Amino acid sequence: MYEWAELRHFRYLLAILEKQGFRAAAEELRTAQPNLSVQARQFQENASVRLFRKMKGGRIRPTDTGIAFKVLARILLETRDEVLDALIAIERGDIRSVRFGCTPLVDQGVFRTFCDLHKEILPSCPVRPTHGDTAQLADEVLSGKVDAAFVTLPLQHPNLRIEELRRDRLVVCLRRDHPLAAKASLQPLDLQGNLTVLYHPQRHPDAHERLLELLADAGVQIEEYSCASHPSEMQTLVKGGHGFALIREGTTLDEELTTRPIVGVDWTVDTALIYHKTCHPKTVPILIKRLLKQRSQEGKETAQSKASVFVRGSTAARKRPPESEKDGPLQMTLIG
């Protein structure tokens, strides 16, 4: 479709925009200024865009499209380098196996997709999944025992690349036969005395502390509570009548349980992929871009499907229970 667009065009135009002129760009690129002018004109004519306006003194001023071009061109050229790095690493045999980690609160479907995407690029490379807590997996990524890991935030470390992938709402998990299940949504104060099942503080201390702060800001004080080390354990405790829990929206539920949103708050679980800034398989940065692109496409398809159902006015859709109105698995972390 755009066969005329070559990587050199993006490199040339990026230099022109960054140096704010043809002369300085030509010197940096070590090419003739007339050649640069020809390439810039041809690209803009073929794409039907205007990236800059010429000012007095030979300087240029980028248009709105030109400002966007600078950001997008850097991404394109960065991707080119990442692809070449991956190909060279594969040819050298540097990627013989990979170990990817995942914490319990992360959507396991996203983790499986990531592993499958790596198998698609390099079928002969074994993928070794591993599971643990955020702090544990972060230490193993830093030590080289794990190549990359899906974790829930917050997390900070100067040697880690932390790519936030999704932010999903926290909802209340409660028994279907609980009186408050009759409400379409809950108020924060409905949690007082009822929110008594929490993810174990030691599994993610920073997230636990942040959650308590958010609850306190909403007027909810947590006193005694039961602890769970896995989302399935949290559901078991709720099902057993030990109180409410906060879970990631879209989590598959036991048939005796339901979820309700909380009015007036923005509590989320934020999922990120972490890997070492310098010591990582060269396929990882490419996998992140592919994962984000795939999820973006899935989101568009879901939106189109929901819009189609709405237009048709499906009776079945109107009769669905409140908790099932959102089918797609969202993701989250305990951060407001």
Side-chain angles (χ1 to χ4, degrees), residues 71 74-75 78-79 81-82 85-86 89 94-115 117-118 125 127-170 198-215 227-231 246 248 266-293 295 330-336:
V71 176
R74 292 191 193 104
I75 294 174
E78 178 184 286
T79 302
D81 294 342
E82 291 171 350
D85 285 342
D94 294 342
I95 310 175
R96 299 185 181 279
S97 67
V98 290
R99 186 176 294 276
F100 296 144
C102 186
T103 64
L105 294 179
V106 169
D107 183 352
Q108 299 302 302
V110 177
F111 179 58
R112 288 192 296 270
T113 297
F114 186 80
C115 295
L117 288 173
H118 195 279
C125 176
V127 176
R128 311 294 187 191
T130 185
H131 296 270
D133 302 326
T134 293
Q136 172 193 342
L137 289 175
D139 289 341
E140 292 182 346
V141 169
L142 288 167
S143 66
K145 293 180 181 179
V146 171
D147 296 305
F150 286 85
V151 302
T152 51
L153 301 177
L155 175 66
Q156 292 182 339
H157 195 284
N159 294 330
L160 287 177
R161 181 82 64 184
I162 302 174
E163 301 282 355
E164 185 174 324
L165 299 177
R166 51 192 293 179
R167 176 173 291 184
D168 302 318
R169 185 169 60 168
L170 281 171
L198 299 182
Y199 193 64
H200 201 296
Q202 295 182 357
R203 301 300 297 268
H204 200 333
D206 292 339
H208 179 79
E209 181 178 352
R210 179 57 178 151
L211 176 61
L212 294 184
E213 291 175 356
L214 294 172
L215 289 168
C227 296
S229 298
H230 192 277
L246 294 176
R248 177 177 54 81
D266 183 23
W267 300 340
T268 62
V269 171
D270 306 331
T271 298
L273 182 71
I274 62 171
Y275 59 98
H276 199 285
K277 285 185 175 180
T278 57
C279 304
H280 60 267
K282 301 304 181 183
T283 47
V284 169
I286 301 171
L287 292 175
I288 294 174
K289 289 182 171 62
R290 291 197 64 197
L291 181 64
L292 289 173
K293 181 178 180 180
R295 295 200 60 77
L330 305 172
Q331 290 254 108
M332 345 171 182
T333 59
L334 303 175
I335 304 188

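Remember, it's a predicted structure, so these values are computed and weren't measured experimentally. Residues: numbered from 1 along the sequence shown.
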Just so I know, are the side chains of [X] and [Y] near enough to count as touching, which here means a heavy-atom distance under 4.5 Å?
| X | Y | answer |
| --- | --- | --- |
| H230 | H131 | no |
| T152 | V106 | yes |
| R290 | K293 | no |
| D206 | T134 | no |

Report the distance from atom [atom1] of [X] to atom [atom2] of [Y], rounding to the nearest 0.5 Å.
| X | Y | atom1 | atom2 | result |
| --- | --- | --- | --- | --- |
| L211 | L198 | CG | CG | 6.5 Å |
| T103 | L155 | OG1 | CG | 10.5 Å |
| K289 | I75 | NZ | CD1 | 7.5 Å |
| R128 | S97 | CZ | OG | 6.0 Å |
| H157 | I162 | NE2 | CD1 | 9.5 Å |

(Q) Is there a side-chain contact (heavy atoms from CB on, under 4.5 Å) between L165 and L292? Walk through the geometry before answering. (A) CA-CA 7 Å; L165 299 177; L292 289 173; 3.8 Å; yes
Q: Please name the residue in the list R167, R166, R161 that meets the salt bridge (Lys or Arg N to Asp or Glu O under 4.0 Å) test with E164.
A: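 Exactly one option meets the salt bridge (Lys or Arg N to Asp or Glu O under 4.0 Å) with E164, and it is R167.
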Q: Name all residues meeting the side-chain contact (heavy atoms from CB on, under 4.5 Å) criterion together with P231; count only those two or more places apart in sequence or in a different chain, and write none if there are none.
A: P104, L105
Taking only residues two or more places apart in sequence or in another chain, which ones pass side-chain hydrogen bond (donor to acceptor under 3.5 Å, both in side chains) with [X]?
| X | value |
| --- | --- |
| R112 | none |
| E209 | none |
| S229 | R203 |

Identify all side-chain donor-acceptor contacts of residues 136-147 below 3.5 Å with residues at least two apart in sequence or on another chain.
unit_1	atom_1	unit_2	atom_2	d
S143	OG	D139	O	3.2
S143	OG	E140	O	3.1
D147	OD2	R99	N	2.8

What side-chain donor-acceptor pairs closer than 3.5 Å can you find for residues 272-288, not counting sequence neighbours?
unit_1	atom_1	unit_2	atom_2	d
H276	ND1	T278	N	3.1
H276	ND1	T278	OG1	3.2
H276	ND1	C279	N	3.2
K277	NZ	P158	O	2.9
H280	ND1	H276	O	2.8
T283	OG1	H118	NE2	3.0

Q: Work out which heavy atom in G101 is nearest to a heavy atom in F111; give both atom names and the distance.
A: O-CE1, 3.5 Å
